[in-house]
Amino acid sequence: MRNYRNAFVFAVVGNIALVGILGGLWWRSTQHKKTEAAMPSASNETAQNVPSGPESASMAPHDASLVPVQLSPERMQSIGVRMDRVERKRVGDEIRATGNVAVDETKLAYVQVRYSGYIQKVFADATYQYLRKGQPLFTIYSPDLAATEREYLVAKQNQQRVAGSTVPGVAESAASLLDAAAERLKQWGVPPREIARLESTGQLQEELQVDSPVSGYITERNALPNLTVQPETRLYSVADLSTVWIFAEVFQNDLGRIKVGDRATLTVDTYPGRNFEGRVNFIYPQVDMTTRTARVRLIFPNPGLKLTPGMFVNTVLQVRAGTQLVIPASGVLQSGTRQVVFVNHGDGYLEPRDVELGARAGEDFVVLKGLKEGEEIVTSANFLIDSESQLQAALGSFTPPPPGAGTAGAMNAPPASVELTTEPSPPRKGGNVIRVKLSEASGAPISGAEVSVTFFMPAMPAMGMAAMRTPVTLSDKGNGLYEASAQLDSGGTWQVTVIAKKNGQTVASKQLSVNATGGM
């Protein structure tokens, strides 16, 4: 009985231990599944935080913002700034292309006969032999032609017999038959001299001589002795090479600038230093999908037969665009998808301006939009000015650089002091009186200077406000005091640049910020 009780206790304890072990394994499995389920969720959340598709494209970097900059004369000289004006002039350009010489198809002739027959003798027996118009080519015997000539002779004899007949209509009928036979000979291409021979001699001729209808060179010859000839047989091809065609391959982006009648020049390695003059004759309306070129046909005079079919040549097409508004190509800054120039407004004030340009004409660009004739633009150091403009835009303020850099700039700075005051003080939106006091380092006043003050407020795209600039030229009031009235279009923070010049040299300059009262 006691043994039975002990076995029962052991069995209960064992079952409890087994249940605990199974419970622990089940709990660990549950936690592992929860962890796996949480991991993809975190990954999805991370992936959702990464922009893609259109949202990503909208976050792609755009062209940098640009703001006007103002540089001192010393600064402009040190970085090598040069200017040029927007002008209107006659422009042209050159399009270079390669091509091949071909026969002028308008001066190509075929020699054929209009009746069947057999060639007897051949006189023009070599390809590229030169022929003169009327030169004998070959002789031919044709049974059909001989029969027609016999009919002509019979009709002529009948006309002579009935010429004195008094029967109405007999003479007219005989004349009509003779005219029909003569017309048949003409339609078959029998030369007038052969018809005249028939009338004068009254004798048939077994062989008819065929002459060249044109002058030129034999480019193809099929006329051989004893050859049976049909009306469709091409016996000779004769080309007049006094003019030739050039087939030039022009890239598709240049096609819009080419017009029929444009001048063209040609050079060939066979004749170094020699130029041939011609013109555009036709532009083929098809572009080769492999080379992206279109065929342009040029026509050239060929004195001395220097250009022969199949010759490889170099061509230059002279493109004329008429009178256009142009700027130097060096003045254009290709900034991403924008074309930017810096317009000089004087006193070192340079404004970035988007322009729309047309085709390039040599060293110039045609201006479509954005500039006016007579405006002055920067043509060198564009990248340095662009970098300065981007930096000022990134800083969100207009702070013109000092006339120099570092210690050298401090050493070259004009030894004079500038004191700016306004009435009212601080300035306000609307009318203000601007005063500048100039004095040397010793305290002596500086008179007779040209003083300019420029107020600048950068653009605020978020508020829909464009950049504002107010330049003011001050009058000399004596004793180093300069004064003028200024109209500020807005309250807020203005960046102010003061520049004083005397005898063409900058004697003082200062940059500062002032806060104007009044609303935007």
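Excluded from the calculations below are hydrogen atoms, water molecules and symmetry mates; all remaining heavy atoms, backbone and side chain alike, are included. Please read these numbers as outputs of a predicted model, since none were measured by experiment. Numbers for residues simply follow the sequence, beginning at 1.
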Evaluate the ring planes of [X] and [Y], with Trp represented by its six-membered ring, and classify them as parallel (under 30°), tilted (30 to 60°) or perpendicular (over 60°).
X	Y	result
F282	Y284	perpendicular
Y115	W188	tilted
Y128	Y217	tilted

Check this for me: [X], atom [atom1], are more than 12 non-hydrogen atoms of other residues, nucleotides or ligands nearer than 6.0 Å?
X	atom1	value
R193	CZ	yes
Q135	CD	yes
E450	CD	no
E206	CD	no

All heavy atoms of T219 vs all of A239, minimum pair found to be CG2-CB, 3.7 Å
For Q339 and L357, work out which heavy atoms get closest and say how close.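 Looks like OE1-N, 3.5 Å.
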Just verifying a value: how many Å separate K133 NZ and S215 OG, rounded to the nearest 0.5 Å? 7.5 Å
Within the structure provided, determine whether [X] and [Y] are in side-chain contact (heavy-atom separation under 4.5 Å).
X	Y	answer
V244	F276	no
W245	T106	yes
V122	L224	no
E194	E149	yes

State plainly whether the residues R184 and E151 are in salt-bridge range, i.e. N to O under 4.0 Å.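 Counted as a salt bridge, because a side-chain N and a carboxylate O are separated by less than 4.0 Å.
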Do the charged groups of E375 and R353 touch, with an N to O distance under 4.0 Å? yes
Give the C-alpha distance, both sets of side-chain angles, the deciding distance and a yes or no for side-chain hydrogen bond (donor to acceptor under 3.5 Å, both in side chains) between S242 and D240. CA-CA 6 Å; S242 60; D240 182 357; 3.0 Å; yes
Go through the steps to decide whether E220 and Y110 satisfy the test side-chain hydrogen bond (donor to acceptor under 3.5 Å, both in side chains), and finish with yes or no. CA-CA 9 Å; E220 181 183 8; Y110 299 127; over 6 Å; no
